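Computation of the quantities below employed the complete heavy-atom set of this structure, encompassing side-chain atoms and omitting hydrogens, waters and symmetry-equivalent molecules. Chain identifiers are assigned alphabetically (A, B, ...) following the order of the sequence lines, protein sequences preceding nucleic acid strands; residue numbering begins at 1 within each chain. Here the structure is a predicted model, which means the values were calculated and not measured.
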Amino acid sequence: MWLRNCWYVIAWEHEIPAAGSAELFTRTVLGEPILVMRRESGGFTALEDRCCHRLAPLSKGRREGDCVRCGYHGLKFDASGRCIEAPGIPLIPQKARVRSYPIVNRNRWLFVWMGEPERADTALLPDNFSCDDPAWTHKPGYLHYDTPYLLICDNLLDFSHLSYVHEKTLGGSTAIAQARPEIERVDGPGMPGIRVTRHVPGVPVPPYYRRMRPFEESALLDRWFVYDFLLPGTLLMHSGGRPVEDAPEDLSRAVRLHSCQTLTPETQTTTHYFFQQSHPADQGDEGVTEGIYQSLITAFNEDRDTIVAQHRNIQRKPDAPMLALAIDGALVQFRRLLAQRVAAEHQETA
Amino acid sequence: MWLRNCWYVIAWEHEIPAAGSAELFTRTVLGEPILVMRRESGGFTALEDRCCHRLAPLSKGRREGDCVRCGYHGLKFDASGRCIEAPGIPLIPQKARVRSYPIVNRNRWLFVWMGEPERADTALLPDNFSCDDPAWTHKPGYLHYDTPYLLICDNLLDFSHLSYVHEKTLGGSTAIAQARPEIERVDGPGMPGIRVTRHVPGVPVPPYYRRMRPFEESALLDRWFVYDFLLPGTLLMHSGGRPVEDAPEDLSRAVRLHSCQTLTPETQTTTHYFFQQSHPADQGDEGVTEGIYQSLITAFNEDRDTIVAQHRNIQRKPDAPMLALAIDGALVQFRRLLAQRVAAEHQETA
Amino acid sequence: MWLRNCWYVIAWEHEIPAAGSAELFTRTVLGEPILVMRRESGGFTALEDRCCHRLAPLSKGRREGDCVRCGYHGLKFDASGRCIEAPGIPLIPQKARVRSYPIVNRNRWLFVWMGEPERADTALLPDNFSCDDPAWTHKPGYLHYDTPYLLICDNLLDFSHLSYVHEKTLGGSTAIAQARPEIERVDGPGMPGIRVTRHVPGVPVPPYYRRMRPFEESALLDRWFVYDFLLPGTLLMHSGGRPVEDAPEDLSRAVRLHSCQTLTPETQTTTHYFFQQSHPADQGDEGVTEGIYQSLITAFNEDRDTIVAQHRNIQRKPDAPMLALAIDGALVQFRRLLAQRVAAEHQETA
């Protein structure tokens, strides 16, 4: 069901306590509880948050340098997951260790590799550049979902929902739903995925954009949304809008945005959602950054309400069929791509 | 388990928002979420509350005339359940429709037919006349139960519980439990069921009755309870009490009541309960109506407490046997009748 | 999974309402709801809290002398569980009865026998003498656990956790974890079990002990913990500490304690925990008794936090293996002993 040999975001970098802090950070990814610690020398450690002895979470124990000591019977594990001390036990068994996960900080997103460690390959990381680029500014966001992650992928793969779910926030016009997007496969060099390109000509300014530029009340924009949605569940999007009277190459009065969003399954039915939408650092002050963030939070709560209600309906009748429509091209392709990869992974293992 | 080819009450008429309202009413019956709307021209629409596209509830969308538009991707359905608009899709597939249910307003109860629509037959509606008769007055009631509906049927089929569950409210005397009721089959012309006739001679006045008539402290009544309990779960009852010194045909000082109560399974373990108890419109003012309503609410909460506790015990040990006693005649007959009908329905389908 | 032919504590004696009280006490043991009543003539009654008729809990009914009447349809049961009255039914069937359980009050613990009644044998009761001995003083304790009882047995069978879980409360020194305990089988005359003897030489005074004796800041103690952990889950412990400079037989400045603790499975995943720790009645006033009680409550909440977190981890991955270490000797032996007894019991039944 889940792809394992890939990177999943487990946290924003700023969520992890300082190396000197007594606090321990834990989060569950693909059903596995993972302890994340900052190393004293820099870098990060990700360990299975489950002592090999009696399965207590190490995050309830305490940090000792770059090691962690279980709070139940005192076993101490180093950053590689090896047990290096066990009170009352002279000879520690070789098997006394917890799993450690490859972990990488790329542009303030901390990625863990959930498959075979030797296959971890940073060339497969998505290009979330705007999360850490002086030319772009954002406020990082996180939401927790009580629904399976695929329903949220579906949502992000069909922006026609903007006209309805976000009618009064991000959307602003039924023209978004009416516009037919181009759908293409994206194949490497990183993870494969789907590219969606949608142009929406001559539409009113969404309330959201007005926080960035002083458009006139009656202004009409040509809007664009161009994004890659990559396995296992990362959206990287350029979007924006330009007054209809401006030439396509003239962005002098345009709104330009770059957004990085990613979904990490927590369990079969719950999901982590990390997101941001950046604006050019030289366009707009802190008020604009905060405004964009608040717009996202409002809109993503609208999505969540809808998807939670959809999920409840699915649970009521798990075998109810969905009717595929022409607008589902991107999500159907993405689900197929994911299923192929998962099947291939199972075959390799077997 | 459930009879499908029959009418179930989904709502009191007054629960459904006006045709011009933005509010949408949804309720689940036999596990199926159903959207109920008032038509602009009068009458009602009942649609599956689950968009055929991605299964989101239509009740989270918005009303447009007598149509409803899904709040996720904007599909629009007419009152027959047919999709008549799908943004971004020129040709709407024939299969794009949601189920519509026959719905009838009979005396302020809205009934939906959960089986094959072509078999919907208003001759099978129960005679809940006092819900909408100028000669009778009541205040409508609704309770939600977190227990299976059959346990509540059981309760209503054996009034010996009045002496214990409602000792201090409806009951008032152990004589009710002592009195042996007559049990008969009722067969048509509507749904079949069980008729229970119970006479309780010479008992004290229940506190409840004193709100209607000025009985003396020491008064003794001959009480009666005559009700039909019809498939799938509707109680229609004449009850009352007459001073023992009055002749049977003399009702001049009697309390006379008519009650309509019905149970609609929401899910396997939850139930809707619609009820009222009417008094003659020319006997008693609003205070009496409210008093009767409050008595019912109090008593039906006593029932619910008892049945919830019973259900919890059953869940603890689902195979614990029940010991059938002589007082269980009516409920044993009713359960058998229901089981036969359900089995027949399954056979027809297979 | 559970041993049935043995005694389980269902309540502290003081929890049971007086014979004249209208209140009814119910608690679930091994998944069975049990009503416990004090008899008017002294002694106790334990009945299945589930009417044989429609399975309603008798504890929702009312007491009538030493009998209880069901609050649903009024069946009345005597102290042996026999139905002696059923309103509206002239001849009560022989089968109309609820199960009654042997119940014994031993030193203020009320024990019920959950297996075959004819095998109930008070010689198998544990010696919880300090619960009711004028030479000892305690304040009784109770905690409810949302975890299976075996995880709590594990906890009590390995005191090395004191150094970590209770670092700042009962423990006070890693020396406890370092000290190697002696593990022996205890076989009769009562229930079998495991004896654990742990001496911890020359350690600081735990904060807890200072509430009993005025030790100097720098004082060092020889501490001991000697306990039997008996089937199905009872801990009986002598513990204490003596200044290192005192001779082993000189207890004049020692802290001496006796503790009785017992675990009763409520359901497969929840547990009752009854406990006390006594000090000599002539050493320490009410403040000491209360102080010991508060120390226990604090520490046992630490245990519960740890075990709940451990249980959550186990539920996440039920097949995750535990790595047995040398410190697990006692709990491994206990689990084996329990498994043997349960298997034997199943064999007898089959």
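Using a 4.5 Å heavy-atom cutoff, the side chains of A:R54 and C:L331 are in contact. Counting only heavy atoms from C-beta outward, the side chains of C:D328 and A:H53 approach each other to under 4.5 Å. Contact annotation: the side chain of C:L325 approaches that of A:L75 to within less than 4.5 Å [non-hydrogen atoms, C-beta and beyond].
Across every non-hydrogen atom of C:Y164 and A:Y72, the tightest pair is CB-O, 3.7 Å.
Chain C forms the most heavy-atom pairs under 4.5 Å with one residue out of A:P90, A:C51, A:C52, A:P93, and that residue is A:C52. The candidate with the highest count of non-hydrogen atom pairs below 4.5 Å against chain C, out of A:R62, A:K95, A:R69, is A:R62.
Within 6.0 Å of atom CD in A:E118, more than 12 heavy atoms from other residues, nucleotides or ligands are found, so the atom counts as buried in its surroundings. Other residues, nucleotides and ligands place more than 12 heavy atoms under 6.0 Å from the CD atom of C:Q315. At most 12 heavy atoms of other shown residues, nucleotides or ligands fall within 6.0 angstrom of atom CZ in C:R180. For A:Q347, the CD atom counts as loosely surrounded, since its 6.0 Å shell holds 12 or fewer non-hydrogen atoms of other residues, nucleotides or ligands. More than 12 heavy-atom neighbours from other residues, nucleotides or ligands sit within 6.0 angstrom of CD on C:E184. Annotation for A:R108: atom CZ does not count as buried by contact number, only 12 or fewer foreign heavy atoms lying within 6.0 Å. For C:R341, the CZ atom counts as loosely surrounded, since its 6.0 Å shell holds 12 or fewer non-hydrogen atoms of other residues, nucleotides or ligands.
Separating the NZ atom in C:K317 from the CD atom in A:E32 is a distance of 5.5 Å, to the nearest 0.5 Å. For the atom pair CZ of C:R316 and CG of A:L55, the computed distance is 11.5 Å after rounding to the nearest 0.5 Å. Separating the OG1 atom in A:T28 from the CG atom in C:N313 is a distance of 8.0 Å, to the nearest 0.5 Å. The CG atom of C:D158 sits 4.0 Å away from the NE2 atom of A:H73 when rounded to the nearest 0.5 Å. Rounded to the nearest 0.5 angstrom, A:C70 SG and C:Q310 CD are separated by 9.0 Å.
Only the backbone of C:P321 comes within contact range of chain A, judged by heavy atoms closer than 4.5 Å. With a 4.5 Å cut-off on non-hydrogen atoms, A:S59 does not touch chain C at all. For C:I307, the part lying near chain A is the side chain, with the backbone staying farther off; criterion is any non-hydrogen pair under 4.5 Å.
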